[in-house]
Engineer: 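Once you've had a glance at the structure underneath, I'll fire off some questions.
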Number of protein chains: 2
Amino acid sequence: MTTPNQNIKVAVDAAIFTIKNDSLQILLIQMKKNPFTESWAIPGGMIQNDETTLDSALRILTTQTGLRGVFLEQLKTFDDQTRDPAGRVISVAHWALVPDHDIQLKTTEKYADVRWWNVNKLPKLAYDHDLIVKEALARLKSKIQYTNIVWSLLPVEFTLTQLQHVYEIILGNAMDKRNFRKRISDLKLIRPVGKKSTGAAHRPAELFSFRQRKLDYVEIV
Amino acid sequence: MTTPNQNIKVAVDAAIFTIKNDSLQILLIQMKKNPFTESWAIPGGMIQNDETTLDSALRILTTQTGLRGVFLEQLKTFDDQTRDPAGRVISVAHWALVPDHDIQLKTTEKYADVRWWNVNKLPKLAYDHDLIVKEALARLKSKIQYTNIVWSLLPVEFTLTQLQHVYEIILGNAMDKRNFRKRISDLKLIRPVGKKSTGAAHRPAELFSFRQRKLDYVEIV
DNA sequence: ACAAAAGTGTTGTTACTACACCCATGG
DNA sequence: CCATGGGTGTAGTAACAACACTTTTGT
């Protein structure tokens with residue numbers, strides 16, 4: 001059997017999330033090129049011959065946010081024949097979590113605009129990006145419950161209340177403070193850094209940091 | 001920005017599992033083509049311009065096993081630059097579960113041989129297929145615990161003991177009969193068909209069938 | 001009558017939920 | 001001294017784990 005003469009291109013798209021203003025937000029770019037001029041989409045592009053899709057996703061992430069060392073992984077490959085009107089392009093979608101602080105979004109010539117959007121108030125997206133975002137959100141909600149990935153949404157030192165808010169925003173329901181702290185404490189994912197928050201008009205909170213700032217599965221001992 | 005001139009091919013590989021002789025087995029083919037002559041691998045091939053990767057995986061599954069209507073889904077895309085010595089080929093790996101009964105493996109000209117292998121006694125595989133199989137196994141172990149996918153490993157009518165054995169073989173640990181039955185009963189995934197098994201030298205067992213023979217997430221009410 | 005798997009409940013332990021008040025700070 | 005979020009324990013309930021004997025069939 002001979003190899004069929006394929007005419008298929010491989011792209012990478014990246015769903016990049018952060019927590020900002022007490023809501024879960026996603027980074028969208030506004031497109032220039034036809035037929036999606038003015039449309040919003042998640043950032044992406046064709047992969048180069050010598051890079052892996054993860055390399056490519058990292059490149060997108062760094063180009064847009066300037067960040068490295070955050071959580072980033074493959075999501076799923078989207079390959080419907082009609083997903084790109086310009087021809088057969090399959091997209092190996094990735095997703096990432098970035099901390100809010102210190103981020104300065106970078107505009108490139110490629111796009112008309114770049115900004116964060118509340119995931120509950122998204123515009124209609126280009127291509128099949130609605131679907132990609134939907135799957136990424138589902139993965140986030142699921143994976144936050146059995147891994148330590150929240151580390152990638154928080155500063156190195158944070159309070160227990162900040163941590164709880166991240167869970168509440170992503171999972172969409174309020175949690176009991178005492179029960180939350182008990183559970184977190186049992187998981188042994190974080191440790192106190194021995195400092196307290198300052199400057200707020202209330203009792204200072206103890207600061208914690210993650211033991212590992214990379215993917216780790218929670219052992220339910 | 002212009003589209004780079006890509007020289008990347010898209011393949012699909014399929015990890016196909018069954019339960020046979022009280023063990024978890026995977027379908028491997030023996031290759032003919034260089035440099036993997038005689039090596040074993042999971043079945044796969046290039047996708048065609050007009051088919052999705054899922055179509056392609058379905059084609060592979062049907063070609064090898066003659067089956068349709070079983071559980072099949074995308075696993076992950078493998079795209080290391082060096083995974084195929086013949087050039088840059090990314091593989092959108094899929095995985096499937098098939099029932100043991102009624103399967104007659106089909107040999108094609110493409111391969112030297114096809115047979116089932118116990119997943120605990122695998123030979124060294126071609127390409128990065130060791131890695132693909134490892135990921136597929138992890139997904140199976142995980143997904144069997146919060147979905148109804150076992151339906152795809154069993155005949156339409158089965159006994160509770162058969163069902164329990166499938167879980168025990170995949171998860172690798174013995175389970176308590178009474179607790180298992182309580183749990184299964186609570187999940188409401190199966191229903192009695194009103195018949196009993198016959199022919200064995202012991203008390204006949206009640207037969208059950210799945211309410212749905214397609215992917216369903218278990219609601220832990 | 002014996003071998004072999006089917007079927008069936010209870011009890012103790014552990015994990016989870018609900019819930020309210022005092023504390024430390026800044027303004 | 002007031003407003004704001006920080007920090008802490010207990011009791012009731014629900015889920016889970018461990019465990020053994022009787023039943024029905026084929027040979």
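All figures in this text were calculated on a predicted structure; none of them were measured in a lab.
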Engineer: For A/Arg139, is there an ion pair with A/Glu73 - N to carboxylate O distance below 4.0 angstrom?
Structural biologist: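 Counted as a salt bridge, because a side-chain N and a carboxylate O are separated by less than 4.0 Å.
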
Engineer: So, using side-chain contact (heavy atoms from CB on, under 4.5 Å) as the criterion, who are the partners of A/Leu58 when residues are at least two apart?
Structural biologist: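 side-chain contact (heavy atoms from CB on, under 4.5 Å) check on A/Leu58 returns A/Thr62, A/Arg68, A/Leu72.
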
Engineer: Grab the CZ-P distance between B/Phe180 and C/dA6 for me, whole Å please.
Structural biologist: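 Those two atoms, CZ and P, are 12 Å apart.
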
Engineer: Under the ring-ring contact (aromatic ring centres under 6.0 Å, His included) rule, what pairs show up with a residue in residues 167-188 of chain B, not counting sequence neighbours?
Structural biologist: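 Sorted pair list: B/Tyr167-B/Phe180.
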
Engineer: I need the residues from residues 159-167 of chain A with at least one non-hydrogen atom less than 4.0 Å from DNA chain D; give them sorted by number, or say none.
Structural biologist: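 Those residues are A/Thr161.
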
Engineer: Could you state the atom-to-atom distance from NZ of A/Lys196 to C1' of C/dT25 in whole Å?
Structural biologist: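 Those two atoms, NZ and C1', are 11 Å apart.
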
Engineer: Using whole Å, what does the distance between atom C1' of nucleotide C/dC19 and atom CE of A/Met175 come to?
Structural biologist: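 In whole Å, C/dC19 C1' and A/Met175 CE are 18 Å from each other.
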
Engineer: Is the charged tip of B/Arg211 near the ring of B/Trp151: under 6.0 Å from the six-membered ring centre and within 45° of its axis?
Structural biologist: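 No, B/Arg211 does not sit over the ring of B/Trp151.
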
Engineer: Out of curiosity, B/Ile26 CD1 to B/Asn118 CG, how far, rounded to the nearest 0.5 Å?
Structural biologist: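 Reported value, rounded in 0.5 Å steps: 11.0 Å.
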
Engineer: Could you check A/Val70, A/Ile103, A/Leu61 and say which one makes a side chain to side chain contact (heavy atoms under 4.5 Å, CB included) with A/Ile16?
Structural biologist: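 Testing A/Ile16 for a side chain to side chain contact (heavy atoms under 4.5 Å, CB included) against A/Val70, A/Ile103, A/Leu61 leaves exactly one candidate, A/Leu61.
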
Engineer: Test: ring-ring contact (aromatic ring centres under 6.0 Å, His included). Region: residues 89-115 of chain B. Which pairs qualify, not counting sequence neighbours?
Structural biologist: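 Checked against ring-ring contact (aromatic ring centres under 6.0 Å, His included) - neighbours excluded - the pairs reaching residues 89-115 of chain B are B/Phe71-B/Trp95.
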
Engineer: So, does B/Arg181 get its side chain near the phosphate of C/dG7, meaning an N or O under 4.0 Å from OP1 or OP2?
Structural biologist: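 Checking C/dG7 against B/Arg181, a side-chain N or O does come within under 4.0 Å of OP1 or OP2.
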
Engineer: For the pair made of CG in A/Asp186 and P in C/dT17, what is the distance, rounded to whole Å?
Structural biologist: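 In whole Å, C/dT17 P lies 13 Å from A/Asp186 CG.
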
Engineer: Taking salt bridge (Lys or Arg N to Asp or Glu O under 4.0 Å) as the definition, give me every residue that meets it alongside B/Asp100, ordered by chain and number, with sequence neighbours left out.
Structural biologist: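 Counting only residues at least two positions away or on another chain, B/Asp100 forms a salt bridge (Lys or Arg N to Asp or Glu O under 4.0 Å) with B/Lys20.
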
Engineer: For a quick check, with a 4.0 angstrom heavy-atom cut-off, what is the B/S/- contact string for nucleotides 18-27 of chain D, read 5' to 3'?
Structural biologist: BBB--BBBS-

